[in-house]
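This one's a predicted model, so the numbers in the text were calculated from it and none came from an experiment. A note on names: the letters A, B, ... follow the listed sequences, proteins ahead of strands, and every chain is numbered from 1.
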Amino acid sequence: MSSVVTSLLVIVFVLFSLLTTASLLIWLERRLLALWQDRYGPNRVGPFGLGQVLADMIKIFFKEDWTPPFADRPVFVIAPTFIVITALMSFAVVPFSPSILVSDIDIGVLFFLAMSSLGVYSVALAGWASNNKYALLGALRASAQMLAYEVFMGLSLMGVVAITGSFSMQAIVKAQENIWFIVLQPIGFVIFMIAGIAETHRIPFDLPEAESELVAGFHSEYSGMKFGMFFVGEYIGITLISALLVTLFMGGWHGPFLPPVLWFFIKVFFFICGFILLRASLPRMRYDQLMAFGWKLMLPLSLLNLMATGAVILWSS
Amino acid sequence: MISDATYTVMFYGLSATVILLALLAVNARQLLRAALGLMGMLALSAGLYVMLRAEFLAGVQILVYVGGIVVLIVFAIMLTRSSELLEDHPAKLTRILGATFSIMFMLIACYALGTTKFTESESTQAVRDEVRDIGLALLDRGANGYLLPFEAISLLLLVAVIGGTVVARKTPPKHQPFTTGGDLRGETVAHPPLVQDDEHVVESKS
(Lines give C-alpha, C1' and ligand atoms only; values in the text may rest on other atoms or scores of the structure.)
Protein backbone atom coordinates (compact mmCIF):
# COMPACT_ATOMS: atom_id res chain seq x y z
CA MET A 1 0.00 0.00 0.00
CA SER A 2 2.75 2.44 0.95
CA SER A 3 4.42 1.89 -2.43
CA VAL A 4 1.21 2.98 -4.16
CA VAL A 5 1.06 6.13 -2.01
CA THR A 6 4.73 6.90 -2.70
CA SER A 7 4.37 6.50 -6.43
CA LEU A 8 1.20 8.62 -6.42
CA LEU A 9 3.08 11.34 -4.49
CA VAL A 10 5.93 11.18 -7.00
CA ILE A 11 3.53 11.44 -9.94
CA VAL A 12 1.79 14.45 -8.37
CA PHE A 13 5.18 16.05 -7.62
CA VAL A 14 6.40 15.52 -11.20
CA LEU A 15 3.21 16.78 -12.83
CA PHE A 16 2.92 19.78 -10.53
CA SER A 17 6.53 20.85 -10.98
CA LEU A 18 6.34 20.37 -14.75
CA LEU A 19 3.17 22.35 -15.31
CA THR A 20 4.29 25.21 -13.09
CA THR A 21 7.74 25.18 -14.70
CA ALA A 22 6.15 25.38 -18.14
CA SER A 23 4.26 28.56 -17.32
CA LEU A 24 7.19 30.07 -15.42
CA LEU A 25 9.45 29.30 -18.38
CA ILE A 26 7.37 31.54 -20.63
CA TRP A 27 8.07 34.41 -18.25
CA LEU A 28 11.73 33.44 -17.89
CA GLU A 29 12.19 33.24 -21.64
CA ARG A 30 10.65 36.66 -22.24
CA ARG A 31 12.75 38.23 -19.47
CA LEU A 32 16.01 36.59 -20.59
CA LEU A 33 15.39 37.41 -24.26
CA ALA A 34 14.76 41.00 -23.25
CA LEU A 35 17.97 41.05 -21.21
CA TRP A 36 20.07 39.67 -24.05
CA GLN A 37 18.43 41.88 -26.64
CA ASP A 38 18.80 45.00 -24.48
CA ARG A 39 15.14 45.79 -23.77
CA TYR A 40 12.79 45.50 -20.77
CA GLY A 41 10.46 42.53 -21.24
CA PRO A 42 7.43 41.95 -18.98
CA ASN A 43 8.31 43.83 -15.77
CA ARG A 44 5.05 45.57 -14.78
CA VAL A 45 2.81 42.97 -13.08
CA GLY A 46 4.03 42.11 -9.59
CA PRO A 47 7.66 41.77 -8.47
CA PHE A 48 9.98 41.36 -11.51
CA GLY A 49 6.85 41.01 -13.62
CA LEU A 50 6.19 37.56 -12.15
CA GLY A 51 2.47 38.32 -12.01
CA GLN A 52 2.55 38.23 -15.80
CA VAL A 53 2.43 34.41 -15.61
CA LEU A 54 -0.86 34.55 -13.74
CA ALA A 55 -2.27 37.27 -15.96
CA ASP A 56 -1.42 35.27 -19.09
CA MET A 57 -3.04 32.16 -17.65
CA ILE A 58 -6.26 34.03 -16.79
CA LYS A 59 -6.29 35.59 -20.24
CA ILE A 60 -5.81 32.33 -22.10
CA PHE A 61 -8.48 30.51 -20.09
CA PHE A 62 -11.11 33.17 -20.73
CA LYS A 63 -10.35 33.69 -24.39
CA GLU A 64 -12.94 32.51 -26.87
CA ASP A 65 -12.15 28.95 -27.87
CA TRP A 66 -12.97 29.18 -31.56
CA THR A 67 -13.08 26.29 -33.97
CA PRO A 68 -13.12 27.44 -37.58
CA PRO A 69 -16.23 26.22 -39.45
CA PHE A 70 -14.09 24.83 -42.29
CA ALA A 71 -11.95 22.73 -39.94
CA ASP A 72 -12.25 18.99 -39.40
CA ARG A 73 -13.63 19.35 -35.90
CA PRO A 74 -12.75 16.09 -34.04
CA VAL A 75 -9.22 15.98 -35.43
CA PHE A 76 -8.82 19.70 -34.78
CA VAL A 77 -9.73 19.19 -31.12
CA ILE A 78 -7.54 16.17 -30.37
CA ALA A 79 -4.44 17.40 -32.22
CA PRO A 80 -3.08 19.69 -29.45
CA THR A 81 -3.45 17.00 -26.81
CA PHE A 82 -0.81 14.75 -28.40
CA ILE A 83 2.07 17.13 -27.87
CA VAL A 84 1.30 17.64 -24.17
CA ILE A 85 0.48 14.00 -23.42
CA THR A 86 3.56 12.55 -25.13
CA ALA A 87 5.90 15.09 -23.52
CA LEU A 88 4.42 14.46 -20.06
CA MET A 89 4.52 10.67 -20.58
CA SER A 90 8.21 10.84 -21.41
CA PHE A 91 8.89 12.26 -17.95
CA ALA A 92 7.72 8.94 -16.49
CA VAL A 93 11.18 7.49 -17.19
CA VAL A 94 13.31 10.49 -16.16
CA PRO A 95 15.05 9.87 -12.82
CA PHE A 96 15.01 13.07 -10.74
CA SER A 97 17.04 11.52 -7.91
CA PRO A 98 17.93 7.98 -6.75
CA SER A 99 14.46 7.64 -5.20
CA ILE A 100 12.27 10.15 -7.05
CA LEU A 101 11.24 8.65 -10.35
CA VAL A 102 7.90 7.47 -11.62
CA SER A 103 8.98 4.23 -13.22
CA ASP A 104 12.34 2.59 -13.81
CA ILE A 105 11.40 0.41 -16.76
CA ASP A 106 14.01 -1.63 -18.62
CA ILE A 107 13.37 0.17 -21.89
CA GLY A 108 13.54 3.77 -20.60
CA VAL A 109 15.44 5.25 -23.55
CA LEU A 110 13.30 3.36 -26.05
CA PHE A 111 10.16 4.60 -24.28
CA PHE A 112 11.33 8.19 -24.60
CA LEU A 113 12.10 7.71 -28.31
CA ALA A 114 8.71 6.11 -28.90
CA MET A 115 6.93 8.99 -27.16
CA SER A 116 8.88 11.64 -29.01
CA SER A 117 8.05 9.93 -32.29
CA LEU A 118 4.37 10.45 -31.44
CA GLY A 119 4.83 14.20 -30.99
CA VAL A 120 4.81 14.67 -34.75
CA TYR A 121 1.12 13.71 -34.88
CA SER A 122 0.17 16.83 -33.00
CA VAL A 123 1.69 19.08 -35.62
CA ALA A 124 0.65 17.05 -38.66
CA LEU A 125 -2.96 16.63 -37.56
CA ALA A 126 -3.28 20.25 -36.44
CA GLY A 127 -2.08 21.48 -39.80
CA TRP A 128 -4.29 19.11 -41.76
CA ALA A 129 -7.43 19.67 -39.69
CA SER A 130 -7.12 23.46 -39.87
CA ASN A 131 -7.87 23.28 -43.61
CA ASN A 132 -5.69 26.30 -44.25
CA LYS A 133 -2.79 26.48 -46.67
CA TYR A 134 -0.34 28.10 -44.26
CA ALA A 135 -1.16 25.57 -41.58
CA LEU A 136 -0.77 22.72 -44.05
CA LEU A 137 2.58 24.04 -45.27
CA GLY A 138 3.76 24.37 -41.69
CA ALA A 139 2.59 20.85 -40.92
CA LEU A 140 4.34 19.43 -43.97
CA ARG A 141 7.57 21.12 -43.02
CA ALA A 142 7.24 19.99 -39.43
CA SER A 143 6.54 16.36 -40.31
CA ALA A 144 9.49 16.13 -42.69
CA GLN A 145 11.76 17.88 -40.19
CA MET A 146 10.72 15.77 -37.22
CA LEU A 147 10.91 12.50 -39.14
CA ALA A 148 14.39 13.35 -40.38
CA TYR A 149 15.77 14.47 -37.02
CA GLU A 150 14.19 11.59 -35.12
CA VAL A 151 16.36 9.12 -37.01
CA PHE A 152 19.69 10.32 -35.71
CA MET A 153 18.24 11.42 -32.37
CA GLY A 154 17.84 7.71 -31.66
CA LEU A 155 21.20 6.84 -33.19
CA SER A 156 23.01 9.47 -31.11
CA LEU A 157 21.72 7.85 -27.91
CA MET A 158 22.81 4.34 -28.86
CA GLY A 159 26.43 5.12 -27.95
CA VAL A 160 25.35 5.86 -24.37
CA VAL A 161 23.21 2.71 -24.31
CA ALA A 162 26.08 0.61 -25.63
CA ILE A 163 28.50 1.89 -22.98
CA THR A 164 26.01 1.32 -20.15
CA GLY A 165 24.70 -1.95 -21.55
CA SER A 166 21.14 -1.00 -20.59
CA PHE A 167 18.16 1.02 -21.82
CA SER A 168 17.20 1.89 -18.24
CA MET A 169 17.65 5.57 -17.39
CA GLN A 170 18.51 4.83 -13.77
CA ALA A 171 21.26 2.41 -14.87
CA ILE A 172 22.61 5.06 -17.28
CA VAL A 173 22.81 7.64 -14.48
CA LYS A 174 24.49 5.14 -12.15
CA ALA A 175 27.06 4.31 -14.84
CA GLN A 176 28.11 7.97 -14.86
CA GLU A 177 29.23 8.01 -11.23
CA ASN A 178 32.92 8.37 -12.13
CA ILE A 179 32.84 9.96 -15.55
CA TRP A 180 30.02 11.81 -17.31
CA PHE A 181 29.08 10.55 -20.73
CA ILE A 182 29.63 13.99 -22.24
CA VAL A 183 33.34 13.17 -21.96
CA LEU A 184 33.00 9.75 -23.58
CA GLN A 185 30.34 10.70 -26.10
CA PRO A 186 30.91 14.36 -27.06
CA ILE A 187 29.62 13.84 -30.62
CA GLY A 188 26.55 12.01 -29.36
CA PHE A 189 25.88 14.89 -26.97
CA VAL A 190 26.07 17.55 -29.67
CA ILE A 191 23.95 15.53 -32.12
CA PHE A 192 21.31 14.80 -29.50
CA MET A 193 21.14 18.45 -28.52
CA ILE A 194 20.69 19.58 -32.14
CA ALA A 195 18.08 16.89 -32.78
CA GLY A 196 16.32 17.89 -29.56
CA ILE A 197 16.04 21.52 -30.63
CA ALA A 198 14.71 20.38 -34.01
CA GLU A 199 12.17 18.07 -32.36
CA THR A 200 10.77 20.89 -30.25
CA HIS A 201 10.97 23.14 -33.34
CA ARG A 202 12.67 26.06 -31.71
CA ILE A 203 14.87 28.64 -33.39
CA PRO A 204 17.03 27.95 -35.46
CA PHE A 205 14.77 25.05 -36.46
CA ASP A 206 11.39 26.76 -36.12
CA LEU A 207 10.50 26.58 -39.81
CA PRO A 208 7.11 24.94 -39.16
CA GLU A 209 5.91 28.13 -37.50
CA ALA A 210 8.08 30.68 -39.29
CA GLU A 211 5.92 33.75 -38.68
CA SER A 212 7.41 35.84 -41.46
CA GLU A 213 6.35 33.40 -44.17
CA LEU A 214 3.66 31.10 -42.74
CA VAL A 215 1.75 33.40 -40.33
CA ALA A 216 2.14 30.92 -37.46
CA GLY A 217 2.37 27.66 -39.36
CA PHE A 218 0.46 24.69 -38.03
CA HIS A 219 -1.23 26.60 -35.19
CA SER A 220 -2.49 29.57 -37.25
CA GLU A 221 -6.12 28.63 -36.65
CA TYR A 222 -5.80 27.81 -32.96
CA SER A 223 -6.85 30.14 -30.18
CA GLY A 224 -7.64 30.05 -26.48
CA MET A 225 -6.58 27.05 -24.45
CA LYS A 226 -6.04 24.85 -27.52
CA PHE A 227 -3.28 27.24 -28.58
CA GLY A 228 -2.20 27.28 -24.96
CA MET A 229 -1.66 23.52 -25.14
CA PHE A 230 0.71 23.88 -28.08
CA PHE A 231 2.53 26.57 -26.15
CA VAL A 232 2.76 24.59 -22.92
CA GLY A 233 3.70 21.51 -24.95
CA GLU A 234 6.63 23.36 -26.47
CA TYR A 235 7.94 24.43 -23.07
CA ILE A 236 7.48 20.98 -21.56
CA GLY A 237 9.36 19.71 -24.61
CA ILE A 238 12.27 22.05 -23.88
CA THR A 239 12.31 20.92 -20.25
CA LEU A 240 12.21 17.30 -21.41
CA ILE A 241 15.14 17.66 -23.79
CA SER A 242 17.13 19.47 -21.08
CA ALA A 243 16.27 16.79 -18.54
CA LEU A 244 17.38 14.07 -20.95
CA LEU A 245 20.61 15.87 -21.80
CA VAL A 246 21.32 15.96 -18.07
CA THR A 247 20.29 12.34 -17.48
CA LEU A 248 22.09 10.81 -20.44
CA PHE A 249 25.19 12.95 -20.76
CA MET A 250 25.70 15.20 -17.71
CA GLY A 251 25.65 12.66 -14.90
CA GLY A 252 21.97 13.04 -13.99
CA TRP A 253 21.59 13.67 -10.26
CA HIS A 254 25.29 13.11 -9.48
CA GLY A 255 27.07 16.03 -7.82
CA PRO A 256 28.93 16.96 -4.65
CA PHE A 257 27.52 18.47 -1.40
CA LEU A 258 24.00 19.37 -2.51
CA PRO A 259 21.12 16.84 -2.50
CA PRO A 260 20.67 14.93 -5.81
CA VAL A 261 17.28 16.48 -6.74
CA LEU A 262 18.76 19.94 -6.44
CA TRP A 263 21.71 19.01 -8.64
CA PHE A 264 19.31 17.65 -11.23
CA PHE A 265 17.25 20.84 -11.28
CA ILE A 266 20.33 23.09 -11.42
CA LYS A 267 21.67 21.23 -14.44
CA VAL A 268 18.30 21.23 -16.18
CA PHE A 269 17.93 24.95 -15.54
CA PHE A 270 21.35 25.53 -17.07
CA PHE A 271 20.34 23.80 -20.30
CA ILE A 272 16.99 25.57 -20.48
CA CYS A 273 18.79 28.92 -20.26
CA GLY A 274 21.14 27.63 -22.96
CA PHE A 275 18.18 26.97 -25.26
CA ILE A 276 16.84 30.46 -24.62
CA LEU A 277 20.27 31.94 -25.36
CA LEU A 278 20.30 30.02 -28.66
CA ARG A 279 16.95 31.55 -29.53
CA ALA A 280 18.21 35.00 -28.66
CA SER A 281 21.28 34.75 -30.85
CA LEU A 282 20.61 32.55 -33.90
CA PRO A 283 18.69 33.31 -37.09
CA ARG A 284 16.31 30.81 -38.69
CA MET A 285 17.74 28.29 -41.14
CA ARG A 286 16.53 27.90 -44.71
CA TYR A 287 14.54 24.73 -45.36
CA ASP A 288 16.95 23.07 -47.79
CA GLN A 289 19.81 23.91 -45.41
CA LEU A 290 17.93 22.21 -42.60
CA MET A 291 17.35 19.03 -44.60
CA ALA A 292 20.86 18.89 -46.06
CA PHE A 293 22.32 19.50 -42.60
CA GLY A 294 20.28 16.68 -41.14
CA TRP A 295 20.67 13.99 -43.76
CA LYS A 296 24.14 14.76 -45.10
CA LEU A 297 26.02 15.77 -41.97
CA MET A 298 24.22 14.69 -38.79
CA LEU A 299 23.18 11.21 -39.92
CA PRO A 300 26.63 10.07 -41.20
CA LEU A 301 28.24 11.61 -38.12
CA SER A 302 25.97 9.75 -35.73
CA LEU A 303 26.53 6.48 -37.63
CA LEU A 304 30.30 6.99 -37.46
CA ASN A 305 30.03 7.80 -33.77
CA LEU A 306 28.08 4.61 -33.14
CA MET A 307 30.57 2.51 -35.12
CA ALA A 308 33.54 4.03 -33.30
CA THR A 309 31.87 3.47 -29.92
CA GLY A 310 31.15 -0.13 -30.81
CA ALA A 311 34.72 -0.68 -31.98
CA VAL A 312 36.18 0.75 -28.76
CA ILE A 313 33.85 -1.35 -26.60
CA LEU A 314 34.78 -4.52 -28.53
CA TRP A 315 38.47 -3.73 -28.41
CA SER A 316 38.56 -2.99 -24.68
CA SER A 317 36.54 -6.02 -23.62
CA MET B 1 1.13 -6.54 -7.61
CA ILE B 2 -1.94 -6.16 -9.80
CA SER B 3 -4.70 -8.65 -9.17
CA ASP B 4 -5.96 -11.08 -11.82
CA ALA B 5 -9.33 -9.35 -11.98
CA THR B 6 -7.71 -6.03 -12.86
CA TYR B 7 -5.70 -7.78 -15.54
CA THR B 8 -8.83 -9.31 -17.02
CA VAL B 9 -10.65 -5.98 -17.06
CA MET B 10 -7.61 -4.30 -18.63
CA PHE B 11 -7.30 -7.01 -21.26
CA TYR B 12 -10.93 -6.87 -22.34
CA GLY B 13 -10.97 -3.06 -22.25
CA LEU B 14 -7.85 -2.84 -24.40
CA SER B 15 -9.04 -5.52 -26.81
CA ALA B 16 -12.46 -3.93 -27.25
CA THR B 17 -10.90 -0.53 -27.96
CA VAL B 18 -8.43 -2.09 -30.40
CA ILE B 19 -11.29 -3.75 -32.29
CA LEU B 20 -13.34 -0.53 -32.34
CA LEU B 21 -10.38 1.45 -33.67
CA ALA B 22 -9.68 -1.22 -36.28
CA LEU B 23 -13.30 -0.93 -37.43
CA LEU B 24 -12.87 2.85 -37.61
CA ALA B 25 -9.74 2.38 -39.71
CA VAL B 26 -11.66 0.22 -42.18
CA ASN B 27 -14.94 2.09 -42.24
CA ALA B 28 -13.98 5.76 -42.00
CA ARG B 29 -15.01 7.73 -45.07
CA GLN B 30 -12.13 10.14 -44.68
CA LEU B 31 -8.67 8.77 -45.30
CA LEU B 32 -7.07 10.77 -42.50
CA ARG B 33 -9.55 9.51 -39.92
CA ALA B 34 -8.87 5.97 -41.10
CA ALA B 35 -5.16 6.60 -40.60
CA LEU B 36 -5.91 7.94 -37.11
CA GLY B 37 -7.88 4.80 -36.30
CA LEU B 38 -4.99 2.67 -37.51
CA MET B 39 -2.61 4.68 -35.37
CA GLY B 40 -4.71 4.26 -32.24
CA MET B 41 -5.14 0.56 -32.93
CA LEU B 42 -1.40 -0.03 -33.30
CA ALA B 43 -0.62 2.06 -30.20
CA LEU B 44 -3.10 0.12 -28.07
CA SER B 45 -1.79 -3.21 -29.37
CA ALA B 46 1.47 -2.10 -27.78
CA GLY B 47 -0.52 -2.03 -24.54
CA LEU B 48 -1.41 -5.69 -25.09
CA TYR B 49 2.29 -6.47 -25.58
CA VAL B 50 3.05 -4.75 -22.27
CA MET B 51 0.47 -6.98 -20.59
CA LEU B 52 2.34 -9.96 -22.06
CA ARG B 53 5.50 -8.51 -20.47
CA ALA B 54 7.11 -7.96 -23.85
CA GLU B 55 8.02 -4.33 -23.14
CA PHE B 56 10.74 -4.14 -25.75
CA LEU B 57 8.35 -5.29 -28.44
CA ALA B 58 5.81 -2.71 -27.27
CA GLY B 59 8.39 0.07 -27.49
CA VAL B 60 9.50 -0.97 -30.95
CA GLN B 61 5.88 -1.32 -32.06
CA ILE B 62 5.18 2.31 -31.14
CA LEU B 63 8.50 3.56 -32.49
CA VAL B 64 8.27 1.81 -35.87
CA TYR B 65 4.57 1.43 -36.64
CA VAL B 66 2.93 4.35 -34.86
CA GLY B 67 5.82 6.80 -34.99
CA GLY B 68 7.13 5.80 -38.40
CA ILE B 69 4.83 4.04 -40.81
CA VAL B 70 1.52 5.70 -39.93
CA VAL B 71 3.25 9.09 -39.85
CA LEU B 72 4.36 8.43 -43.42
CA ILE B 73 0.77 7.52 -44.34
CA VAL B 74 -0.48 10.78 -42.78
CA PHE B 75 2.27 12.62 -44.61
CA ALA B 76 1.19 11.11 -47.92
CA ILE B 77 -2.44 12.02 -47.24
CA MET B 78 -1.43 15.62 -46.53
CA LEU B 79 0.40 15.81 -49.85
CA THR B 80 -2.70 14.77 -51.80
CA ARG B 81 -5.74 16.96 -52.37
CA SER B 82 -8.15 16.39 -49.53
CA SER B 83 -11.33 17.12 -51.54
CA GLU B 84 -10.69 14.09 -53.73
CA LEU B 85 -10.40 11.90 -50.67
CA LEU B 86 -13.60 12.90 -48.93
CA GLU B 87 -15.92 10.30 -50.46
CA ASP B 88 -15.38 7.29 -52.57
CA HIS B 89 -18.03 5.06 -54.10
CA PRO B 90 -16.49 1.76 -55.13
CA ALA B 91 -17.92 -0.05 -58.13
CA LYS B 92 -20.33 -2.96 -57.60
CA LEU B 93 -17.82 -5.58 -58.76
CA THR B 94 -15.22 -4.22 -56.35
CA ARG B 95 -17.69 -4.45 -53.49
CA ILE B 96 -18.72 -8.01 -54.28
CA LEU B 97 -15.11 -9.14 -54.65
CA GLY B 98 -14.15 -7.36 -51.43
CA ALA B 99 -16.99 -8.95 -49.49
CA THR B 100 -16.18 -12.44 -50.85
CA PHE B 101 -12.54 -12.22 -49.93
CA SER B 102 -13.23 -10.77 -46.47
CA ILE B 103 -15.68 -13.55 -45.66
CA MET B 104 -13.26 -16.18 -46.93
CA PHE B 105 -10.46 -14.70 -44.85
CA MET B 106 -12.69 -14.59 -41.79
CA LEU B 107 -13.62 -18.26 -42.24
CA ILE B 108 -9.95 -19.24 -42.55
CA ALA B 109 -9.07 -17.16 -39.47
CA CYS B 110 -11.90 -18.70 -37.46
CA TYR B 111 -10.83 -22.19 -38.53
CA ALA B 112 -7.21 -21.51 -37.61
CA LEU B 113 -8.18 -20.06 -34.23
CA GLY B 114 -10.60 -22.89 -33.53
CA THR B 115 -8.07 -25.65 -34.23
CA THR B 116 -5.13 -24.09 -32.40
CA LYS B 117 -4.49 -25.33 -28.88
CA PHE B 118 -3.51 -22.46 -26.62
CA THR B 119 -1.34 -23.50 -23.69
CA GLU B 120 -0.71 -21.38 -20.65
CA SER B 121 2.89 -20.29 -20.43
CA GLU B 122 4.90 -21.91 -17.65
CA SER B 123 6.37 -18.88 -15.96
CA THR B 124 6.59 -15.14 -16.35
CA GLN B 125 10.18 -15.05 -15.16
CA ALA B 126 11.65 -16.34 -18.41
CA VAL B 127 11.24 -13.07 -20.31
CA ARG B 128 13.37 -11.11 -17.86
CA ASP B 129 16.34 -10.33 -20.10
CA GLU B 130 14.46 -10.09 -23.36
CA VAL B 131 16.46 -7.25 -24.96
CA ARG B 132 19.68 -9.21 -24.53
CA ASP B 133 18.05 -12.40 -25.84
CA ILE B 134 16.66 -10.66 -28.90
CA GLY B 135 20.04 -9.10 -29.64
CA LEU B 136 21.89 -12.39 -29.29
CA ALA B 137 19.33 -14.28 -31.39
CA LEU B 138 19.53 -11.69 -34.18
CA LEU B 139 23.28 -12.10 -34.55
CA ASP B 140 23.46 -15.83 -33.92
CA ARG B 141 24.91 -17.92 -36.78
CA GLY B 142 23.60 -21.17 -35.32
CA ALA B 143 20.47 -23.15 -36.18
CA ASN B 144 18.21 -20.97 -34.01
CA GLY B 145 19.83 -17.69 -35.01
CA TYR B 146 18.44 -15.05 -37.30
CA LEU B 147 21.67 -13.70 -38.80
CA LEU B 148 20.77 -14.56 -42.42
CA PRO B 149 17.26 -13.01 -42.40
CA PHE B 150 18.69 -10.03 -40.52
CA GLU B 151 21.33 -9.43 -43.20
CA ALA B 152 18.84 -10.09 -46.01
CA ILE B 153 16.47 -7.48 -44.58
CA SER B 154 19.29 -4.95 -44.20
CA LEU B 155 20.21 -5.54 -47.85
CA LEU B 156 16.57 -5.11 -48.88
CA LEU B 157 16.33 -1.84 -46.94
CA LEU B 158 19.57 -0.61 -48.51
CA VAL B 159 18.18 -1.38 -51.97
CA ALA B 160 14.97 0.46 -51.06
CA VAL B 161 16.92 3.51 -49.86
CA ILE B 162 19.05 3.64 -53.01
CA GLY B 163 16.00 3.02 -55.20
CA GLY B 164 14.08 5.82 -53.49
CA THR B 165 16.98 8.22 -53.97
CA VAL B 166 17.27 7.33 -57.67
CA VAL B 167 13.54 7.82 -58.24
CA ALA B 168 13.48 11.13 -56.39
CA ARG B 169 16.64 12.42 -58.06
CA LYS B 170 16.18 14.88 -60.88
CA THR B 171 18.30 14.17 -63.93
CA PRO B 172 18.56 16.86 -66.61
CA PRO B 173 17.41 15.74 -70.07
CA LYS B 174 20.31 15.26 -72.49
CA HIS B 175 19.20 17.60 -75.28
CA GLN B 176 18.61 20.54 -72.96
CA PRO B 177 21.84 21.77 -71.44
CA PHE B 178 20.30 24.50 -69.25
CA THR B 179 17.31 23.24 -67.27
CA THR B 180 16.00 23.32 -63.77
CA GLY B 181 17.33 19.84 -63.13
CA GLY B 182 20.80 19.12 -61.93
CA ASP B 183 20.33 20.81 -58.59
CA LEU B 184 21.78 17.78 -56.92
CA ARG B 185 24.12 19.15 -54.33
CA GLY B 186 21.60 21.35 -52.58
CA GLU B 187 23.09 24.40 -54.24
CA THR B 188 20.77 26.96 -55.67
CA VAL B 189 20.88 27.09 -59.44
CA ALA B 190 19.62 30.13 -61.29
CA HIS B 191 16.18 29.17 -62.56
CA PRO B 192 15.47 29.54 -66.28
CA PRO B 193 12.26 31.23 -67.43
CA LEU B 194 9.02 29.47 -66.55
CA VAL B 195 8.19 28.55 -70.16
CA GLN B 196 11.29 26.45 -70.48
CA ASP B 197 10.39 24.81 -67.19
CA ASP B 198 7.00 23.77 -68.55
CA GLU B 199 8.60 22.33 -71.66
CA HIS B 200 10.86 20.23 -69.53
CA VAL B 201 7.94 18.79 -67.58
CA VAL B 202 5.98 17.94 -70.73
CA GLU B 203 8.92 16.38 -72.48
CA SER B 204 9.96 14.24 -69.58
CA LYS B 205 6.44 12.80 -69.45
CA SER B 206 6.31 11.91 -73.15
Exercise. Is there a side-chain contact (heavy atoms from CB on, under 4.5 Å) between A/Leu125 and B/Leu32 once you walk through the steps?
Worked result: CA-CA 9 Å; A/Leu125 295 179; B/Leu32 190 89; 3.8 Å; yes
Exercise. What residue pairs, at least two apart or across chains, pass salt bridge (Lys or Arg N to Asp or Glu O under 4.0 Å) with a residue in residues 33-47 of chain B?
Worked result: A/Asp72-B/Arg33
With a 4.5 angstrom heavy-atom cut-off, which part of [X] approaches chain B: side chain, backbone, both or neither?
| X | value |
| --- | --- |
| A/Leu113 | both |
| A/Tyr121 | side chain |
| A/Ala139 | both |
| A/Gln289 | neither |

For this session: Look up atom CD1 in B/Ile77 and atom CH2 in A/Trp128, then write down how far apart they are to the nearest 0.5 Å.
Result: 7.5 Å
Problem set entry | Inter-chain contacts: residues 302-314 of chain A against chain B, heavy atoms under 4.5 Å | none
Exercise. Which members of residues 56-66 of chain B, sorted by number, sit under 4.5 angstrom from chain A on a heavy-atom basis?
Worked result: B/Phe56, B/Gly59, B/Val60, B/Ile62, B/Leu63, B/Val66
Enumerate, atom names and distances included, each donor-acceptor pair closer than 3.5 Å involving a side-chain atom of residues 37-50 of chain B, sequence neighbours excluded.
from    : atom 1 : to      : atom 2 : distance (Å)
B/Ser45 : OG     : B/Met41 : O      : 2.6

For this session: Mark yes when over 12 heavy atoms from residues, nucleotides or ligands other than A/Met89 sit less than 6.0 Å from its CE; otherwise mark no.
Result: no
Seminar exercise, completed: Note: vs chain B, highest number of non-hydrogen pairs under 4.5 angstrom among A/Ile107, A/Leu136, A/Ile78 is A/Ile107
Problem set entry | Heavy-atom pair with the smallest gap, counting every atom of A/Ser117 and B/Gly67 | OG-CA, 3.4 Å
Problem set entry | Nearest atoms (heavy-atom pairs only) where A/Leu140 meets B/Phe75 | O-CE1, 3.5 Å
Problem set entry | Residue B/Val71 versus chain A: region with a heavy atom under 4.5 Å | both
